[in-house]
Amino acid sequence: MSGLSFPPVAQVVEQPILRLFGLVREALARATYALLNGDTDLAQDVVDGDVEIDEATAALELDVWSRIEVGDHTSSDLRALIGILLILPELERSADLAEHIAHRALTNIGAEMTPVARGIVQRMSEVAAEMWQLVAAAYINHNAHDLELAEEDEELDILHDRLTGEIAKADMPTNITAQVTLISRFYERIGDHAVNLSRRIAALEQ
């Protein structure tokens, strides 16, 4: 199914969507670094930067709605525009999850984690970032039908279980245990959003 292209009306908003992909992936990487390295200034930058992502998403959503309202669209064009409206929440929610990770970094939770837990979190971040890179590439190349994320998604699930096990046996304060459990879930949900996006993008190619 590779080599397909989006309807022309969808191609108009490709660059803003790609920018959002980049902002989300950058926020994820920076939030993880801040968490594991105790960089509270960087964590605050990620938290503050979420406003930019929210504003960019809202602006693009308004643009798409204006195109829906003023155009005499074919059924494929209209389906593509609606498909973009379904993509945007996945991007915005993933950015929110990166912000949630950064919020935990502000309290220097990373310093309280065991070395094993820190290593698992680092790997979860790498897998999630890889999934986002693959989805962004599929969007650029219009080949989401060929994209398979099951292996990466399964690895995130396994890492989540490993981190849960490490938390259960590690001697960490109860409040830290609760927060690390949430952080693990945030990475897992970011992976879920990448899977959802791959399906949404594939639908645009029909």
Side-chain angles (χ1 to χ4, degrees), residues 19-61 87-136 149 152-197:
R19 177 172 176 266
L20 285 172
F21 267 110
L23 288 172
V24 172
R25 191 169 184 273
E26 181 182 5
L28 173 61
R30 297 175 79 211
T32 302
Y33 182 91
L35 176 70
L36 298 179
N37 292 276
D39 192 334
T40 56
D41 289 339
L42 179 60
Q44 189 62 56
D45 284 345
V46 175
V47 171
D48 295 341
D50 190 60
V51 175
E52 178 186 359
I53 297 175
D54 289 343
E55 290 176 347
T57 304
L60 184 52
E61 182 177 357
I87 285 173
L88 293 179
E90 303 284 355
L91 290 161
E92 186 173 25
R93 289 167 189 160
S94 297
D96 289 341
L97 290 167
E99 182 198 20
H100 294 342
I101 294 168
H103 267 297
R104 273 69 188 176
L106 286 172
T107 59
N108 203 20
I109 286 175
E112 302 288 340
M113 295 164 58
T114 67
V116 172
R118 290 166 57 84
I120 295 172
V121 166
Q122 178 63 50
R123 180 56 187 162
M124 292 188 82
S125 173
E126 291 168 356
V127 174
E130 180 182 356
M131 293 174 76
W132 273 80
Q133 183 174 355
L134 290 170
V135 174
L149 297 176
E152 290 82 1
D153 194 40
E154 182 179 4
E155 183 176 357
L156 274 182
D157 291 339
I158 291 171
L159 289 166
H160 172 74
D161 291 343
R162 284 183 58 197
L163 186 54
T164 301
E166 172 65 15
I167 291 169
K169 69 181 182 181
D171 185 20
M172 291 190 293
T174 302
N175 65 315
I176 300 299
T177 296
Q179 293 301 318
V180 175
T181 300
L182 277 175
I183 289 168
S184 177
R185 182 58 182 146
F186 294 154
Y187 285 109
E188 193 177 32
R189 287 175 60 193
I190 288 171
D192 291 340
H193 284 304
V195 173
N196 291 341
L197 275 166

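- D153 contributes no side-chain N or O that, together with a main-chain N or O of L149, makes up a donor-acceptor pair within less than 3.5 Å.
- Atom CZ of R185 sits in a crowded spot, with more than 12 heavy atoms from other residues, nucleotides or ligands closer than 6.0 Å.
- Summarising the geometry, atom CG belonging to L88 is positioned 7.0 Å from atom CG belonging to L20; distances are rounded to the nearest 0.5 Å.
- At least one donor-acceptor pair closer than 3.5 Å links the side chain of T32 to the backbone N or O of L28.
- Atom-to-atom distance recorded for L163:CG and Y187:OH is 10.0 Å, nearest 0.5 angstrom.
- The environment of CZ in R93 is sparse: at most 12 heavy-atom neighbours from other residues, nucleotides or ligands sit within 6.0 Å.
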Report all side-chain donor-acceptor pairs from residues 45-58 shorter than 3.5 Å, counting only partners two or more places apart or in another chain.
{"from": "D48", "atom 1": "OD1", "to": "Q44", "atom 2": "NE2", "distance (Å)": "2.9"}
{"from": "E52", "atom 1": "OE2", "to": "R19", "atom 2": "NH2", "distance (Å)": "2.5"}
{"from": "T57", "atom 1": "OG1", "to": "I53", "atom 2": "O", "distance (Å)": "2.8"}

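- The two atoms that bring A34 and A105 nearest to each other are C-CB, 3.8 Å, heavy atoms only.
- Annotation: side chain of I167 is not in contact with side chain of I176 (no heavy-atom distance under 4.5 Å).
- For residues 87-135, every residue pair satisfying the ring-ring contact (aromatic ring centres under 6.0 Å, His included) rule, not counting sequence neighbours, is listed here: F21-W132, H100-F186.
- Atoms CZ and CG, on R118 and N37 in that order, are 6.5 Å from each other to the nearest 0.5 Å.
- Expressed to the nearest 0.5 Å, how far CD1 of I158 lies from CE of M124 amounts to 11.0 Å.
- Closest heavy-atom contact between A31 and A98: CB-O, 3.5 Å.
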Would you be so kind as to tabulate the donor-acceptor pairs closer than 3.5 Å made by side chains of residues 106-114, with sequence neighbours excluded?
{"from": "T107", "atom 1": "OG1", "to": "R104", "atom 2": "O", "distance (Å)": "2.8"}
{"from": "T114", "atom 1": "OG1", "to": "A117", "atom 2": "N", "distance (Å)": "3.1"}
{"from": "T114", "atom 1": "OG1", "to": "E166", "atom 2": "OE2", "distance (Å)": "2.7"}

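- You'll find the side chain of T164 reaches within 4.5 Å of the side chain of H160, heavy atoms only.
- Here the closest non-hydrogen pair linking R25 and A129 is NE-O, 3.2 Å.
- Separation of atoms CD (Q133) and CD (E152) is listed at 11.0 Å; rounding is to 0.5 Å.
- Distance check: L156 CG to E126 CD gives 11.0 Å after rounding to the nearest 0.5 Å.
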